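All remarks here apply to the structure that follows.
Just so we're clear, the structure is a prediction, and the values are computed from it rather than from any experiment.
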Amino acid sequence: APTAAPVVSAPVSSTGQGPEPVRLALPALKIDAPVVQMNWQVVNTAQGPRSEWVIPKNEAGWHINSARMREQGNLVISGHNNIYGRVFLKISQAWDDAPRVKVDDFTDRSDILKGRTLTLYDAAGNARQYQITDFLRVRDTGVSYEQRVKNGRFMNPTESEQVTIITCWPPTNNTHRLVVI
């Protein structure tokens with residue numbers, strides 16, 4: 001079953017003008033991964049239908065309704081940490097070693113990746129660098145549906161150019177989401 005957080009009618013933020021990302025590099029964690037388009041499926045629940053992202057098995061997945069490279073907005077990429085290609089396992093391991101500060105009852109923050117460089121590449125090999133500004137862990141299992149929807153805020157469009165990476169944590173049971181901005 002997909003391990004992505006639910007999305008409820010996520011607004012489209014892309015203008016379709018910029019290139020799609022095809023590769024992601026985070027040298028500080030020795031991550032160099034292919035990026036492919038990622039879609040969602042509709043799942044019927046007791047609360048009614050909802051959208052659920054389907055994460056690619058061996059690549060990172062670019063949310064097709066998020067921004068593209070060199071566009072204003074939130075370019076969102078998700079990937080597995082403990083199954084298939086384990087593309088973001090090293091993000092999960094970085095959190096394991098990170099000193100943390102409680103933000104609220106559902107969120108912790110760490111500065112362990114702050115200032116590190118993340119690079120996205122398009123199909124022509126053009127690179128775009130981003131500086132990591134935040135690293136968060138949000139509880140996603142054993143919380144209300146409303147809290148899970150609130151957790152989805154990290155996938156929302158932004159007014160400035162931003163990249164958001166999302167994966168699960170811990171590798172043993174995936175009760176949380178890790179968010180790198």
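Cluster membership for Val22 and Val76, using ILVMFWY side-chain heavy atoms within less than 4.5 angstrom, is not shared. Linking ILVMFWY residues whenever their side-chain heavy atoms come closer than 4.5 Å, directly or via other members, places Met38 and Val35 in the same cluster. In terms of hydrophobic clustering, with Ile, Leu, Val, Met, Phe, Trp and Tyr side chains grouped at heavy-atom distances under 4.5 Å, Val180 and Leu118 are assigned to a common cluster. Hydrophobic clustering of Ile, Leu, Val, Met, Phe, Trp and Tyr side chains at less than 4.5 Å, counting indirect connections, keeps Ile64 apart from Val36.
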>> Using side-chain contact (heavy atoms from CB on, under 4.5 Å), reason through Tyr145 and Arg50 one step at a time and then give a plain yes or no.
In response: CA-CA 11 Å; Tyr145 178 76; Arg50 67 179 169 110; 3.9 Å; yes
> Should Asn174 and Thr141 be marked as a side-chain contact (heavy atoms from CB on, under 4.5 Å) after you check the CA-CA gap, both sets of side-chain angles, and the distance that decides it?
Replying inline: CA-CA 8 Å; Asn174 297 327; Thr141 300; over 6 Å; no
>> side-chain contact (heavy atoms from CB on, under 4.5 Å) for Thr133 and Ile181? Distances and angles first, verdict last.
In response: CA-CA 6 Å; Thr133 59; Ile181 299 171; 3.8 Å; yes
> Which is it for Trp62 and Leu24 under the side-chain contact (heavy atoms from CB on, under 4.5 Å) test, yes or no, and what are the steps along the way?
Replying inline: CA-CA 10 Å; Trp62 165 62; Leu24 176 149; over 6 Å; no
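Taking the six-membered ring where the residue is Trp, Trp53 and His63 present tilted rings, their angle falling between 30° and 60°.
Of all the heavy atoms in Pro49 and Asn44, the pair that sits closest is CB-OD1, 3.7 Å. Shown here for Pro170 and Thr175, the closest heavy-atom pair between the two residues is CD-OG1, 3.6 Å. Counting all heavy atoms, side chain and backbone alike, Leu120 lies closest to Pro21 at CD1-CB, 4.3 Å. Taking each heavy atom of Ile112 and Ala98 in turn, the nearest pair found is CG2-CB, 3.7 Å. Residues Ala60 and Phe88 share a closest heavy-atom pair of CB-CZ, 3.8 Å. Between Ala127 and Thr119, the shortest heavy-atom distance links the atoms CB-CG2, 3.8 Å.
In this structure, Ser144 OG and Asn151 CG are separated by 8.5 Å, a value rounded to the nearest 0.5 Å. Once rounded to the nearest 0.5 Å, the distance linking OG of Ser51 with CD of Gln41 reads 9.5 Å. Here the straight-line distance linking atom OH of Tyr84 with atom CD1 of Ile55 works out to 10.5 Å at 0.5 Å rounding. Between Ile166 atom CD1 and Asp140 atom CG the span is 10.0 Å, to the nearest 0.5 Å. Atoms CD1 and CG, on Ile165 and Leu26 in that order, are 6.0 Å from each other to the nearest 0.5 Å. Of the inter-residue distances, the one linking Gln162 atom CD with Glu71 atom CD reads 14.0 Å to the nearest 0.5 angstrom.
Contact of the Thr167 side chain with the Leu178 side chain is registered, since non-hydrogen atoms from C-beta on lie closer than 4.5 Å. Under the 4.5 Å side-chain criterion, counting only non-hydrogen atoms from C-beta, Lys114 is not in contact with Ile132. In this structure, the side chains of Arg177 and Cys168 come closer than 4.5 Å at one or more pairs of heavy atoms.
Under the 4.5 angstrom side-chain criterion for Ile, Leu, Val, Met, Phe, Trp and Tyr, the cluster partners of Phe106 are Val143.
Distance alone, capped at 3.5 Å, is enough to place a donor-acceptor pair between the Asp104 side chain and the Thr107 backbone. Ser110 contributes a side-chain N or O that, together with a main-chain N or O of Pro99, makes up a donor-acceptor pair within less than 3.5 Å. Checked by atom type and distance alone, the side chain of Asp134 never pairs as donor or acceptor with a backbone atom of Arg109 at under 3.5 Å. The main-chain N or O of Asn74 is found under 3.5 Å from a side-chain atom of Thr158 such that the two form a donor-acceptor pair.
Within a 6.0 Å radius of CD in Gln47, other residues, nucleotides and ligands contribute more than 12 heavy atoms.
Remark: Arg70 engages Asp122 in a salt bridge (Lys or Arg N to Asp or Glu O under 4.0 Å) (not counting sequence neighbours).
Within the structure, the salt bridge (Lys or Arg N to Asp or Glu O under 4.0 Å) test picks out no pair touching residues 77-101 (sequence neighbours left out).
For the 3.5 Å distance criterion, the side chains of Glu20 and Gln37 qualify, holding a donor opposite an acceptor.
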